[in-house]
Structure formats: C-alpha cells, structure tokens
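This report refers to the structure that appears directly beneath it.
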Amino acid sequence: MLAWKLCRNLFITARYKQASSGDCGKDASSALLSNYEVYQLLTDLKEQRRESGKNKHSSGQQNLNTITYETLKYISKTPCRHQSPDIVREFLTAMKSHKLTKAEKLQLLNHRPMTAVEIQLIVEESEERLTEEQIEALLHTVTSILPAEPEAEPQRSAEDAAMDGEDPA
Amino acid sequence: MFMLVEMVDTVRIPPWQFERNLNDSIAEELNKKLANKVVYNVGLCICLFDITKLEDAYVFPGDGASHTKVHFRYVVFHPFLDEILIGKIKGCSPEGVHVSLGFFDDILIPPESLQQPAKFDEAEQVWVWEYETEEGAHDLYMDVGEEVRFRVVDESFMDTSPTGPSSAEATSSSEELPRKEAPYTLVGSISEPGLGLLSWWTST
C-alpha cells in the first residue's frame, strides 16, 4: 500500500531464528536493515503523516512521533542520507570481490569509513584476512562509490563531484 | 544497528473504527502499542514496516470489537555484538562513560573498557585518557557532548513488568531506593585503536 515496498528488495537478508520472545506471544525471526532503508522508511512515513495531517485519528501516537523524530535526527547525520538504491546496489556488487561478511558490508555501508583504522575496526581479524593493499583498495571502493557529505570533503576529485550531481538527494 | 523483525499479534479494533480501512487501523494500533517500547529480547521498536498477512477477524460475545491476528514486520533497534556505533557522550560518572544515540540512551562504557590508562577526574567529573607520548603523558578529556565511536560488547534485557505484591514487599524492606531499571542496556568498549572520541583519530 505504501512506498515502503520500495525498500523491501534491498534489505540484506541475514535471517536467523531468535530465541522465543516473552512479550505478547510474538515470534521473532529477523533480518538486518541498513541505515539507508530506515532513513527512507521514516522520511516516507513523516511525509505521509504530514499529508493526512490534522486527521482525527492521528492522536495518541506521541510514542511513534517521538521515536521517529529522534531516530530520523540521528540517521540524518550519518552518510546514508545521500545514498540511493542504485548506489547501494553498485556498492554491494563492488564488495563481492572483497570476501566480506554481510555484517561487515552493512557497517561499511552505514559508516562509509575514510581511514584504514576504521576498516580494521569493522573487518574482523583484518590483519590476517586483508593485506595493506587490500585495505587501500577497499577504502578506495568505499569512498568512490558512496557519496560523501557535500561540504565535508572539499578536495574531492572531479569524478566524485559528477556523481553527486546525479544524486537526487 | 536496525533489524526487521517478523512478529505475530492479535489486534483489537473498537467498533467506532469500523468505517476506516482495516489495514490503516491495524497499522495505527500496532504503532500505538509498540513504537518507542522495548520488547524483551527483541530490542527497541521504532515503527511498523509492513503487514504481511491478516487472518480472519472475530467478534466475541460481549465485546463489539473485532480481533484480528496479524503477521507483520517491525523495524527494531538492536545492534549485533561487535557492531561499531557512533554516539554522543551524555555524561561521566565513576561507573563509566554514559553514551546516547538521541533515540536510545542506555549505553555505558565501563572504566575497564576505556582507552588505558584512564582516570576519573573527580573535580571536573570527567574521564581522562592519559595518552603517553615521548614528551610525557597527554591528558585527553572525554567531555559531555563529544561524539564517540564505540564497539557494542554486551547487551542485557531487564524484565521491568510489575511484580506481585509478595516479592515487592520483600525487596522494599531490604533496599529503600526504588531505582528505575532500564529495560534494555548496551555495554560499549573503546579500548581499541580507532575507538573513542572522533577527534582523537582524525589526522590534522
């Protein structure tokens, strides 16, 4: 019914069974979501709630308003607000050759690391798994595919700037 | 840090909402019930993602409302262990450094997980990393409001549902202060290179 479905194709499907939850008999099995997907979902929800606006049914939703506002505020400061489904897809394709786990790729996507020390934090046992050249290559892939904060990187290459121009965000 | 969790619940829709679209009413009820709440062993609920299946709705004798079993997916904040997160320092105390993400506050970095050697400055109520250089120790302060990168090393869920009168009486006699326990807490660590205040690791 909603634009939510857009995000559905994207999510990184690391499914696993969880221990049975106590509350109201909910059976939980789960998948990981990237910050970009949550950002997209929350902005759509905000838009939709603004449209239906002064509707009598929207009362009693203070909890939803609080949590969506706070979460959106946090996520808006992360690099994901400049991403798009195409960028994420391109990123995941490029990551195939690096032999990383899903959790590692997800964190690279969420954090957009710019230094080698950040890569070493995110990639487990990076000393054994990656050589220095591989870390450099990984950094290059991450920073060239994922768009940066527009004002954060003044000394960027022309190629990056051209890519941001296409970005609708 | 966010997960999509499949859940099943029975939703009660009161009769005065029957004129509305059932999906809309159910989405609203689920958000009313779950948003901004911690579900035990699942995490902090953010908002409804979608409804995957609606079973038949029933009206029971003596109650005009409809009861519908709903299969749905919810967005939940539940970082996995060893995940790297960025938050803001909310405060320091002898128990460690308290970190907030804005929407989630119950994160503690205990003293033994700080960059070593660390000491607590009683006068300023702030934790300090006594960073060793050739020119001697250099004090790096962890001030309130600074952005900090940390690793999630542990999580704990606390059942905060009300207890029966018998056990409540027993505990109140032993300890007087009714301390409010957080239902979901994360334990962080910054004892690795690259972790800690963002300003410590940006090359200048």
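By convention in this document, chain letters (A, B, ...) are assigned in the order of the sequence lines, proteins followed by strands, and residues within each chain are numbered from 1.
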Starting at CD of A:Glu70, measure out to CG of B:Asp105 and round the result to the nearest 0.5 Å.
8.0 Å
I want to check something: taking the side chain as every heavy atom from C-beta on, are A:Leu121 and B:Glu192 in contact at a cut-off of under 4.5 Å?
yes
Quick check: do B:Met1 and A:Val38 have side-chain heavy atoms less than 4.5 Å from each other?
no
With a 4.5 angstrom heavy-atom cut-off, could you sort out which part of A:Ile75 is near chain B: side chain, backbone, both or neither?
side chain
Region of B:Leu44 in contact with chain A, defined by heavy-atom distances below 4.5 Å
side chain
Just wondering, do B:Val75 and A:Leu42 contact through their side chains at under 4.5 Å, heavy atoms?
no
Out of curiosity, B:Lys32 NZ to A:Gln61 CD, how far, rounded to the nearest 0.5 Å?
6.0 Å
side-chain contact (heavy atoms from CB on, under 4.5 Å) between B:Phe80 and A:Gln107: does it pass, once the steps are laid out?
CA-CA 11 Å; B:Phe80 49 87; A:Gln107 290 189 83; 3.7 Å; yes
Quick one: does B:Phe49's side chain get under 4.5 Å of A:Glu37's, heavy atoms only?
no
So, applying side-chain contact (heavy atoms from CB on, under 4.5 Å) with B:Cys47, which one of A:Ile67, A:Leu41, A:Asn63, A:Thr71 is it?
A:Leu41
Side chain to side chain contact (heavy atoms under 4.5 Å, CB included) with A:Glu47: which residues, sequence neighbours excluded?
A:Arg50, A:Glu51
If I compare all heavy atoms of A:Leu32 with all of B:Met3, which pair ends up nearest, and what's the gap?
CD2-CG, 3.9 Å
A quick test of your reading: do over 12 heavy atoms of other residues, nucleotides or ligands sit less than 6.0 Å from CD of A:Glu132?
no
Enclosure of A:Glu124 CD (heavy-atom neighbours >12, cutoff 6.0 Å)
no
Do B:Arg149 and A:Glu118 come within less than 4.5 Å of each other through their side chains, counting heavy atoms only?
yes
Using 0.5 Å steps for rounding, measure from the CD1 atom of B:Ile84 to the CD1 atom of A:Ile122.
6.5 Å
When rounded to the nearest 0.5 angstrom, what is the spacing between CG in B:Asn36 and OH in A:Tyr69?
14.0 Å
Give, for atom CG of A:Asn35 and atom CZ of B:Phe2, the distance between the pair rounded to the nearest 0.5 Å.
6.0 Å
Quick check: are there more than 12 heavy atoms from other residues, nucleotides or ligands sitting under 6.0 Å from NZ of B:Lys37?
yes
